[in-house]
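Remember, it's 1-based here, ligands and their atoms both numbered in the order they're listed. Start at 1 with the first residue, then count along the sequence.
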Amino acid sequence: MCGIVAYLGNQPAQPILIEGLKRLEYRGYDSAGVGLINDHTLNITKSSGRISVLESMLAKPNPVEILGIGHTRWATHGEPNTINAHPHLDYTGKIALAHNGIIENYTALKTFLIGKGCTFQSQTDTEVIANLIGYLYSNPDGKDCPHENLNRFEWAVQHALNELVGTYGLALVCTDFPDMLIGAKKGSPLILGLGKNEYIIASDAAAIVQHTTQVIYLSDNEMVTITPKGFSTKTIDNIEIHKEMKQLEFSLDAIELDGFGHFMLKEICEQPKALTTCLGGRLDMRDNRIILGGISNYWREITRAKRIIINACGTAWHAGLIGEFLIEQLARINTETQYASEFRYRNPIIEDNTIIIAISQSGETADTLAAVEQAKERGALTLGIVNVVGSTIARTTDTGVYLRVGPEIGVASTKAFTAQVAVLAMLAIELGRRRHLGSEQAKFYIDELSKIPSKIEQVLALSEDIKKIAEATCERENWLFLGRGFNYPVALEGALKLKEISYIHAEGLPAAEMKHGPIALINNGMPAVFIATRCSQYEKIIGNIEEVRARGGRTIVVANQGDENIKQYADFLIPVPEVPEELQPMVTVVPLQILAYHAAVLRGHDVDKPRNLAKSVTVE
Ligand code: F6R
């Protein structure tokens, strides 16, 4: 979703802001803008559409413009046009800001400000923040700034933030303070990068890592004031705080294309390496145990759980569903998977010995975060399965396990999904081991887990064959994805991948559900993807394939290598290596990721920037 980059240093800010905004493109946006301070004036340039359009509107970088703010906007309030793009100026023209998040009480504040004579240009909630700060800055109701440690700009910012209901990540400048940059955060991530005589504020580490790996993560209700002399951090209630410096754990290479046409393809192909890193040091083959350092102090509590509730959204929810099946099967604990967006509003029942697992690649998904906060308030132990180190969900949960797969830039989640399943499998094995799962059984699953990366490698080698299947089928506008047991969530994930990047309508279903309605959709040549590997329901899914073929459906079947029997049922066959049923999703999902990728490319879509989508959904 929206992205913020702001710079104060010793170089022209403009190219740094543009480069930073390009690094944030993957998050999804529909307009962009930059504001540069030149002495006591502000130069703002904004446009709808791509950053390249904005770039073409900018003059040559000016060496005296060493302070600036930039933004990519994903529209929530107001259409995606130039006026609604950020930075927004206050009505006096002195204060400019870039904002991520949503201000819930903006209507009341706008009415108040209009009553005070403030004028508004845009339809955004953000302009209310600019005008509120501008109003307080210019008319502090006769009071002067009451705090010695604050100048009037900082005071107005603090005062305004205390009036806001909602979420914000903010970067702010004021023409009266031409060498001051302010950042503030509540519910939307904001990171301060500390370079050599330069500072970058960004909503995502991807916009910082080229300049420095030393960062400070702001927490909610905190602000930072930066000048060429240094920076200070405070709460928005004006309490000075010391923030610990952290090291970013990824390099620039991790966010470069590295010769691939798209990040999605790069990340699909990275899966063997990513899973090796995810599993690395965590499989104890000697004692047949799993070592998850992050949660080592919480095993007692987790093992005693009477009920586990998994919360997540989208692809992470599909991984969660596989986790539910794994935990129930291997650890025999009652587990359910909930959409975080529903859970948070359902007045959920959380009794003693209930554990909440939150799964999130970004660690910033607003609904998943809200579900965690609610569960914590109700006394549950919360465990995060998160990729982005230091993200809000990682910091909010009581304990957790990192995926360790490096930054995922492609909007369509791929390597994070397989790693989420791998972490859930490890969790289920160790939980089982601490309850009733025998050492030999654990050994079997641990051995098989260690082989998954090389099995994925074999599937990647099928990419050209899968491309031919995509060529033969991708003009069809309606698809079905069907699986049973552990492959049912894989069917859901396959359908989601196809729809989000190729804009083909696809429905994922447990195969047996088809007869209860969706079978009516099948017409001549409709593609139906079956995941029909050898598993406990193999015979049943063959029956489902026959039902589809009898009605003229065209079947694309993911089956095991060497399965001769299945050939007669498949118009197109994708042979994958054999894996125990419980671990199959990590392998069977890969051909579906590749199929979706090729279909989208063949249909001429920008795979890494699918329409209307954002990488990290930080608003509800
Ligand atoms: C789909 C996809 C989304 C995310 C969902 C949750 O490819 O990426 O469905 O899985 O928005 O995001 P995270 O995992 O960041 O919480």
Checking Lys186, Lys185, Arg395 against Asp220 for salt bridge (charged side-chain N to carboxylate O under 4.0 Å, His left out), the one that qualifies is Lys185
Evaluate Thr368 for polar contact with ligand 1, using N/O atom pairs at a separation under 3.5 Å.
no
Please test Ile69 against Leu17 for side chain to side chain contact (heavy atoms under 4.5 Å, CB included), starting from the C-alpha separation and ending with a verdict.
CA-CA 7 Å; Ile69 58 179; Leu17 296 182; 5.7 Å; no
Numbered atoms and elements of ligand 1 in range of Ser360, under 4.0 angstrom, heavy atoms
13 (P), 14 (O), 15 (O), 16 (O)
Can you figure out which of Asp367, Val388, Thr315 has its heavy atom closest to atom 4 (C) of ligand 1?
Thr315
Shortest protein contact, atom 15 (O) of ligand 1 (heavy atom only):
Ser362 OG, 2.6 Å
One pair to check against side chain to side chain contact (heavy atoms under 4.5 Å, CB included): Thr277 and Leu275. What are the steps and the verdict?
CA-CA 5 Å; Thr277 318; Leu275 277 194; over 6 Å; no
Are Arg603 and Glu477 ion-paired here, with the side-chain N under 4.0 Å from a carboxylate O?
yes
For atom 14 (O) of ligand 1, find the nearest protein heavy atom and state the residue, atom name and distance (0.1 Å precision).
Gln361 N, 2.7 Å
Any idea which protein heavy atom is nearest atom 11 (O) of ligand 1, and the distance to it?
Val617 CG2, 4.1 Å
Could you check which of Ala596, Cys313, Ala319 puts a non-hydrogen atom nearest to atom 5 (C) of ligand 1?
Cys313
Has Lys376 got more than 12 heavy atoms of other residues, nucleotides or ligands less than 6.0 Å from its NZ?
yes
Can you check whether Tyr503 and His605 have ring centres sitting under 6.0 Å from each other?
yes
If the test is side chain to side chain donor-acceptor pair (under 3.5 Å), which one of Gln420, His318, Glu408 qualifies with Ser413?
Glu408
Show which atoms of ligand 1 fall inside a sub-4.0 Å distance from at least one heavy-atom site of Ser413.
7 (O), 8 (O)
Nearest neighbour in protein (non-hydrogen) for atom 7 (O) of ligand 1:
Glu500 OE2, 2.6 Å
Looking only at protein heavy atoms, which one is nearest to atom 12 (O) of ligand 1, and what is the separation?
Thr365 OG1, 3.4 Å
Which atoms of ligand 1 sit under 4.0 Å from any heavy atom of Ala412?
7 (O)
Would you say Val411 contacts ligand 1, with heavy atoms under 4.0 Å as the rule?
yes
Which atoms of ligand 1 have any heavy atom of Lys497 under 4.0 Å away?
1 (C), 7 (O)
Check this for me: Gln329, atom CD, are more than 12 non-hydrogen atoms of other residues, nucleotides or ligands nearer than 6.0 Å?
yes
Presence of salt bridge, Lys499 and Glu507, under 4.0 angstrom:
no
Per-atom contacts, ligand 1 versus Ala316 - under 4.0 Å to a heavy atom:
10 (O), 14 (O)
